[in-house]
Each structure stands twice: as C-alpha cells, then as structure tokens.
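Working notes, beginning with the structure itself.
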Protein chains: 2
Amino acid sequence: MTNDVLILEDFMPYRLNRLADAISREFARIYRDRYGLTRPEWRTLAALGQHGTMTATEIGAHSAMHKTKVSRAVAALEKRRWLVRKADANDRRVERLSLTKAGQRVYGELIPVAAAFEAGMLDKLGARQREAVLKGLAALEKAVLRA
Amino acid sequence: MTNDVLILEDFMPYRLNRLADAISREFARIYRDRYGLTRPEWRTLAALGQHGTMTATEIGAHSAMHKTKVSRAVAALEKRRWLVRKADANDRRVERLSLTKAGQRVYGELIPVAAAFEAGMLDKLGARQREAVLKGLAALEKAVLRA
DNA sequence: ACATATTTGTTTCATTTGTAACCATTGAAA
DNA sequence: TTTCAATGGTTACAAATGAAACAAATATGT
C-alpha cells in the first residue's frame, strides 16, 4: 500500500538536513564573527588541533571534506600564519601540516566555545531525550556512513 | 573543568552535518539522475505536491529554503512546464503556484521512490534504534528549530 | 630499467549559493 | 490623500563549491 503524498516535514533526509543546517549555521556565525573563519577552515583547524600533524588527505578523511575544500582552507590558514607546511622526507608529494602557535591559540580559544555551544544545545533536552539523540545518531552513523 | 581538545567526530554539529550531507547526497543522486532535478527543485516539487497551491514565500517556509533558491527553483520548474503561476486576485505581489499535470506525474513517481529510500535507511536499524532516532530527532527539532 | 598506473595536491572552469540592491505592490500613519 | 514602511519576489554581483584536468611524485608490473 503505497501512499500518494509525502509529508516533507516527516521525511528523514529533509529533517536531518534542516536540523544540521540550522545548527551548523548558528555555530558558524560564532567562528565567522570572531575569527573570520569559513566552515572548511574551522574544520581544518579542528582536525589539526586534535591530531597535531596531518596531511591534506588525512584532514579530508577526518573531517568529511572534499580535497579542494581542504586545499583552499589550508591555503587560507597558511596565509594567516595559523598553520605551516613541512615537506615529508619520505614522500615528496605529501606535506605535513600543523598549527603554528597562533593557530593553536585560536584553536584553544575555540574549544570551550564549541563545548559550550554543544552543551547549550543538549541542555535544552531532558536526560531521556539526550540519550535518544546520542543513541539515534550513533545508530544512523553506523547504518549510513560507510556501512 | 574545560577540556583542551575537541573530538571532532563526537561534536554534535559536525556529526549531524556529516550524516545529513551523506544521506542527502545519496538521495539527491536519485532525483538528479532520473529527472535532472536540483535539491531546491525537488523540495519545491515536494512542497507543492503536498500542499497543492502555495506562494513562493510559503514554499520557502515549508521547505526551509532561502527565497532566492525558491525563486530560481520555481523558474526552472516553470520552464519545464511542471508548474504554473497564477495571479492572486487580492494581492498582485503574490503568485499562486501549483503543479501542472506533468509536474504532478513526476511528483507521483517520486513519492514511492522517496518512501523506499527512507524505508531502506530505517530498515538497517533495529526497532529500538529506530525508536531512538525518531525520538531524538523530534527532541532536537523542538529544542533547536525555533519551535 | 622502463613504461604505466596511482596517489597527492593544486588549479581551472562552470554551477550554486547568499547578500544586498532592486521593483512593484500593499499597508499604516499622518 | 500623501508619505513612509513593510512585504513578495526577482536580479546582480561576489563568494563558495565540485567536477575535471593537471603537475609532480611514487608505486607497480614487465
């Protein structure tokens, strides 16, 4: 028994997208206003802050970004002197990327901001709801991402 | 006790975004390949299919799109003769938009495809997980979306 | 060793997007 | 009425994006 109308606001892909978009936009406004960062730049900063030294490909894999986005974000951060490139001794195609002191400082400043943002979001939920969100997210990720 | 590292893959905005992006892309490939529709066009089609006749502003509100996206999507669908504009008698700024027969046919064909896509996604989850997803999504929407 | 394929990353080009300016119409205020 | 603000929608322009072509280096197969 196939229906003849789709309730858009009940359609999972739409719901997820709308939600993610609203939340991302809201958070993006913060790092854009404070540091003039774009989303790819923020993600690059976050990836490097978390992992220390990475190649561009690794950044892309770890932050779900197309390689051209990574390339541009890296160039922009380099221009601001928030990251540096070092040649890799073993493989000269690769560049080992890492944050400068300045980059680490910005990253360090953004950590509590990000944490507070997320906490503020979760604080609007009850304990059971929060549990459902985390469980549901994990389940979907397992089912959808690379599954 | 504020931490000094952010685990990006645990950060809710990032997780939601990655998930929504992956799912949306996958579904978008379907209507793009079959009908050459862009996402704004698909959403416009879905909104009109669901509600019958709407103004551009209403479409935007109902499908979470910027008005320029709606404007362009409407123009594209009109060009394909999948929707028509009718002047509003009371307010000449407004145009009452609705699908043509051809548009309705396409919409009708996409319904089961969308339903199957969503079902395929949920079928990968167990009953408890599915429940968690729905509950978590609803909770987040209520907390985040101006609700 | 040599040719070929693959990987890493950048760049070019066309498309998509959002901001802001804009036009036309309607509503509110004086 | 006459002005001014608000609304519905389009368009112009600049920025962001992705696909594909590219250069450089490395890996693989013979």
Side-chain angles (χ1 to χ4, degrees), chain A residues 17-18 20-22 24-29 31-33 35-45 47-48 53-80 83-98, chain B residues 17-18 20-22 24-29 31-33 36-44 47-48 51 53-79 83-98:
Chain A
N17 220 72
R18 183 181 45 167
D21 198 61
S24 266
R25 272 183 141 73
E26 196 180 334
F27 182 54
R29 224 183 37 226
Y31 53 69
R32 178 170 51 74
D33 290 352
Y35 297 103
L37 285 169
T38 65
R39 194 168 50 179
E41 285 160 25
W42 147 250
R43 283 198 186 169
T44 298
L45 192 76
L48 288 175
T53 293
M54 310 172 80
T55 68
T57 299
E58 287 166 351
I59 293 176
H62 253 276
S63 57
M65 288 196 294
H66 191 274
K67 63 179 179 172
T68 60
K69 273 190 188 171
V70 176
S71 175
R72 286 157 182 153
V74 166
L77 292 178
E78 185 192 26
K79 198 171 182 181
R80 287 188 147 187
L83 76 71
V84 285
R85 313 176 190 239
K86 284 209 181 85
D88 184 300
N90 297 2
D91 187 339
R92 281 184 303 176
R93 291 170 301 186
V94 169
E95 293 178 312
R96 319 231 61 199
L97 308 167
S98 52
Chain B
N17 220 72
R18 184 180 44 166
D21 199 60
S24 267
R25 272 182 141 73
E26 197 181 332
F27 182 54
R29 225 184 35 230
Y31 53 68
R32 179 170 51 72
D33 289 352
L37 285 169
T38 66
R39 193 168 50 178
E41 286 160 26
W42 147 250
R43 282 196 187 171
T44 298
L48 288 175
H51 292 106
T53 293
M54 309 173 79
T55 68
T57 299
E58 286 166 351
I59 293 175
H62 251 275
S63 56
M65 289 194 294
H66 192 273
K67 62 178 180 172
T68 61
K69 274 190 187 171
V70 176
S71 175
R72 285 156 183 155
V74 165
L77 292 178
E78 184 191 26
K79 198 171 182 179
L83 76 71
V84 286
R85 313 178 192 237
K86 284 207 181 85
D88 184 300
N90 297 2
D91 187 338
R92 282 183 304 176
R93 291 170 301 186
V94 170
E95 291 178 313
R96 319 232 61 200
L97 308 167
S98 52

query: Residues from residues 57-66 of chain B sitting under 4.0 Å of DNA chain C, heavy atoms only?
result: B:His66

Sequence-distant partners of A:Arg18, salt bridge (charged side-chain N to carboxylate O under 4.0 Å, His left out), two or more places apart: B:Glu141

message: Among residues at least two apart in sequence or on other chains, which ones pass side-chain contact (heavy atoms from CB on, under 4.5 Å) with B:Asp21?
response: B:Arg25

field: Euclidean distance, B:Asp91 CG relative to B:Thr55 OG1, rounded to 0.5 Å
entry: 9.5 Å

- prompt: Of all residues at least two apart in sequence or in a different chain, which pass the salt bridge (charged side-chain N to carboxylate O under 4.0 Å, His left out) check with A:Arg92?
  reply: none

task: Using the test salt bridge (charged side-chain N to carboxylate O under 4.0 Å, His left out), find all partners of A:Arg85 that sit at least two apart in sequence or belong to another chain.
output: A:Glu78, A:Glu95

message: Can you measure A:Met54 atom CE to C:dG9 atom P for me and round it to whole angstrom units?
response: 11 Å

task: May I have all residue pairs that pass salt bridge (charged side-chain N to carboxylate O under 4.0 Å, His left out) and include part of residues 66-75 of chain B, sequence neighbours excluded?
output: none

statement: So, with a heavy-atom separation below 4.0 Å from DNA chain D, the residues of residues 85-96 of chain B are B:Arg85, B:Arg93, B:Val94, B:Glu95

- line: What residues 69-79 of chain A contributes to the DNA chain D interface at heavy-atom separation below 4.0 Å is A:Lys69, A:Arg72

- prompt: Toward the 5' end of DNA chain C, which comes first, A:Arg25 or A:Thr55, by nearest nucleotide?
  reply: A:Thr55

query: How are the rings of B:Phe27 and B:Trp42 set to each other: parallel, tilted or perpendicular (split at 30° and 60°)?
result: perpendicular

field: Counterpart residues, salt bridge (charged side-chain N to carboxylate O under 4.0 Å, His left out), relative to B:Arg32 (two or more places apart)
entry: none

query: Does anyone know the first and last nucleotide of DNA chain D in reach of chain A, 5' to 3', at under 4.0 angstrom to a heavy atom?
result: D:dA16 to D:dT26

message: Quick check for you: to the nearest 0.5 Å, what is the distance between B:His51 atom NE2 and B:Ser98 atom OG?
response: 14.5 Å

query: CZ/A:Arg43 to CE/A:Met65 distance, rounded to the nearest 0.5 angstrom?
result: 6.5 Å

- request: Using the test side-chain contact (heavy atoms from CB on, under 4.5 Å), find all partners of B:Ala56 that sit at least two apart in sequence or belong to another chain.
  value: B:Val70, B:Leu97

Contacts of type side-chain contact (heavy atoms from CB on, under 4.5 Å), residue A:Ser24, not counting sequence neighbours: A:Arg39, B:Asn17

- request: List the atom of B:Ala20, the atom of A:Ala20, and the distance in Å for their closest heavy-atom pair.
  value: CB-CB, 3.8 Å

